[in-house]
Amino acid sequence: MPVHHVSDLIRFARDHSPFYADLYADLPPQVDRITDLPVVDQSEFWAANTLHGNRVLTAPLGEAVVFKTGGTTGAPKFSCYTREEWQEFVTAFGAGLVDAGLRPGHRVADLFYAGELYASFLFILDSLTHAPVANVRLPIGGGAPLESTVPTLEDFAAQVVAGTPTTLCRLAEHLMSQGRQLTAVELLFFGGEALFDDQRRLLAAAFPNAEPRSLGYASVDGGLLGRPVPGPDPRTHRTFAPHTVVEILDETTGEPIRETGRAGRVVVTQLFRRLMPVIRYPAGDRAEWTDVEGGVFRILGRAEEGVRVGPVSLYSQDAQTAVAAADTEGRVMGMQLVVRRWEGRDGLVLRLATAPGDDPAGLDVLAKAVVTELNDARPLYPDSVDAGFVHPLRVEWARHRDLVVNPRSGKLVRVIDERPTA
């Protein structure tokens, strides 16, 4: 499958996609630079990318694989790839798995989720199949009972286990509750969500010889985004040149950021997709460049993983940092932000998970320390409490298995808004 020149892709999209024809209607006939194009508005993109009367696709849906994307709320959203585009996608991503640590002969358990048009299980399995090194693939799936998953991992002496951090942590908690470890596992390939220090502690207890590694950065709608960069920071990735153009844009002005260490939103263009063009499409993440010329960037979290509690805006990373500073003994192994509303005011609850056997009743001191850290980091919150705008921060203790996950993808839901909408 050829990688198209930017100007050719733009011209093709304008000629064959009604959505892009309308989006670019006011532009000159010849456009050669991506930065001359408007950024796609996601709501408009998905309003046009429908099952019937589709205005985004460049051809009738006659030969393609179709996946569902966009979570479980709202109208279903679908991404389409031709046979050639999908093979290019998984081949490029499979090459990146070597950067993540895949070695010849590795026995790899795929614990991602399958079915209901979900892509991750098949995507990882196909990427392993097209990887440039031989490997043994164990397609277990994230929905398999842990009681059967563990014996399979043991019987085949799996050396690599791939899944979302939430799935891997649930497996680890299951092992710990039985006093067991999987010592043959060398690598934990995670993807789909960030891995935090509290989760690392849980994984280290169950997989004492394994190193967590990002298997890469991609999404079913955005496509290829970043291949792993060996090193101590799994958030760092390199663009999939020449397949993909990744931009980091200023969140206020929309201008491309060209210096290191400055956060912005990720926008992606796929140069190998023509059936469903992805041109300056918001990936939904925040990132910063660490090496602009080398195309290396660090993911800073989901752009929508923030929450507004009364007049205060918080990102889930703010809470993670506060928990890490307060939890010097490493007792916290998972976290969610829960927003509630009672007595006419909003309130933020930090739902924190501890290890099996830990007594939540004895964690009052840690809870107070977490609240203090977050209040110090975001003084607008305690100021808003004093002004009567919001309720004081609270901590709610749980087990990792009690944390809310997306039922289709198995990913941890970082922010839960329980406020009534009516």
Side-chain angles (χ1 to χ4, degrees), residues 1-34 36-93 114-123 126-127 218-225 240 242-247 266-284 408-409:
M1 182 73 189
V3 174
H4 306 284
H5 190 275
V6 168
S7 59
D8 293 337
L9 179 63
I10 295 170
R11 184 168 53 252
F12 183 85
R14 294 179 82 166
D15 291 345
H16 296 88
S17 166
F19 171 80
Y20 282 102
D22 290 346
L23 184 62
Y24 301 155
D26 296 331
L27 298 179
Q30 180 68 23
V31 179
D32 297 320
R33 297 185 306 176
I34 284 180
D36 291 335
L37 302 173
V39 174
V40 164
D41 181 294
Q42 276 204 1
S43 60
E44 294 178 0
F45 180 90
W46 290 109
N49 194 12
T50 53
L51 284 177
H52 306 288
N54 191 292
R55 294 176 51 79
V56 171
L57 298 185
T58 59
L61 201 60
E63 196 293 307
V65 60
V66 180
F67 294 111
K68 186 184 294 185
T69 184
T72 58
T73 59
K77 304 168 186 174
F78 302 94
S79 283
C80 309
Y81 292 80
T82 66
R83 188 194 316 266
E84 293 79 11
E85 290 170 349
W86 182 254
Q87 182 165 329
E88 193 73 22
F89 191 8
V90 297
T91 300
F93 197 84
E116 299 185 62
L117 301 183
Y118 198 63
S120 63
F121 177 82
L122 293 175
F123 175 62
D126 283 354
S127 296
S219 68
V220 69
D221 52 348
L224 289 168
L225 287 157
F240 273 100
H243 296 81
T244 299
V245 177
V246 172
E247 300 174 83
V266 178
V267 171
V268 63
T269 298
Q270 299 293 339
L271 299 178
F272 69 97
R273 295 181 67 181
R274 299 212 306 179
L275 175 61
M276 194 184 96
V278 173
I279 305 173
R280 299 204 91 193
Y281 178 86
R408 186 166 57 84
S409 68

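All figures in this text were calculated on a predicted structure; none of them were measured in a lab.
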Q) Quick one: side-chain contact (heavy atoms from CB on, under 4.5 Å) partners of Pro38, sequence neighbours excluded? A) Leu23, Tyr24, Leu27

Q: Show the numbers, then the answer: is there a side chain to side chain contact (heavy atoms under 4.5 Å, CB included) between Asn54 and Leu61?
A: CA-CA 10 Å; Asn54 191 292; Leu61 201 60; over 6 Å; no

Q: Please name the residue in the list Asn49, Thr50, Asp22 that meets the side chain to side chain donor-acceptor pair (under 3.5 Å) test with Arg55.
A: Asp22

(Q) Donor-acceptor check, side chain of Glu63 to backbone of Thr82, threshold 3.5 angstrom: yes or no? (A) no

Q | Gap separating the CG atom of Asp41 from the OH atom of Tyr281, nearest 0.5 angstrom | A | 10.5 Å

Q | Distance, nearest 0.5 Å, that separates SG of Cys80 from CG of Leu57 | A | 5.0 Å

Q) Between Asp126 and Trp86, do the side chains contain an N or O donor and an N or O acceptor separated by less than 3.5 Å? A) yes

Q | Distance-minimising heavy-atom pair for Phe12 and Arg274 | A | CD1-NH1, 3.3 Å

Q: Applying side chain to side chain contact (heavy atoms under 4.5 Å, CB included), run through Val278 and Asp221 and close with a yes or a no.
A: CA-CA 8 Å; Val278 173; Asp221 52 348; over 6 Å; no

**Q.** Qualifying residues under side-chain contact (heavy atoms from CB on, under 4.5 Å), relative to Asp32, sequence neighbours excluded
**A.** Ser7, Gln30

Q) Among all residues two or more places apart in sequence or in another chain, which pass the side-chain contact (heavy atoms from CB on, under 4.5 Å) test with Ser17? A) Phe19, Tyr20, Thr58

Q: Determine whether Leu9 and Ile279 make a side-chain contact, defined as any pair of heavy atoms from C-beta on separated by less than 4.5 Å.
A: yes

**Q.** Sequence neighbours excluded, every pair satisfying salt bridge (charged side-chain N to carboxylate O under 4.0 Å, His left out) that has a member inside residues 9-20
**A.** Asp8-Arg11

Q: Grab the two heavy atoms, one from Ser127 and one from Phe93, that are nearest each other, plus how far apart they are.
A: OG-CD2, 3.6 Å

Q: Go through the structure and list residues passing side-chain contact (heavy atoms from CB on, under 4.5 Å) with Leu122, not counting sequence neighbours.
A: Phe67

Q. Where do Lys77 and Phe45 land on the side chain to side chain contact (heavy atoms under 4.5 Å, CB included) test, with the steps shown first?
A. CA-CA 10 Å; Lys77 304 168 186 174; Phe45 180 90; over 6 Å; no

Q.
Looking at Gln270 and Pro277, would you say the former's side chain and the latter's main chain have a donor-acceptor pair under 3.5 Å?
A. no

Q) Is the Phe123 ring parallel, tilted or perpendicular to the Phe89 ring (thresholds 30°, 60°)? A) tilted

Q. Going through the distances and angles, do His243 and Leu271 end up as a side chain to side chain contact (heavy atoms under 4.5 Å, CB included)?
A. CA-CA 5 Å; His243 296 81; Leu271 299 178; 5.9 Å; no

Q: Can you measure from CZ (Phe272) to OG1 (Thr91) and round to the nearest 0.5 angstrom?
A: 10.0 Å

Q.
I'd like to know if the side chain of Glu85 and the backbone of Leu275 have a donor-acceptor N/O pair within less than 3.5 Å.
A. yes

Q: Kindly give the heavy-atom pair with the smallest separation between Leu37 and Ile10, and that separation in Å.
A: CD1-CD1, 3.6 Å

Q. In chain order, what residues pass the ring pair (Phe, Tyr, Trp, His ring centres under 6.0 Å) check against His5, with sequence neighbours excluded?
A. none

Q.
I want to check something: taking the side chain as every heavy atom from C-beta on, are Ile34 and Arg280 in contact at a cut-off of under 4.5 Å?
A. yes

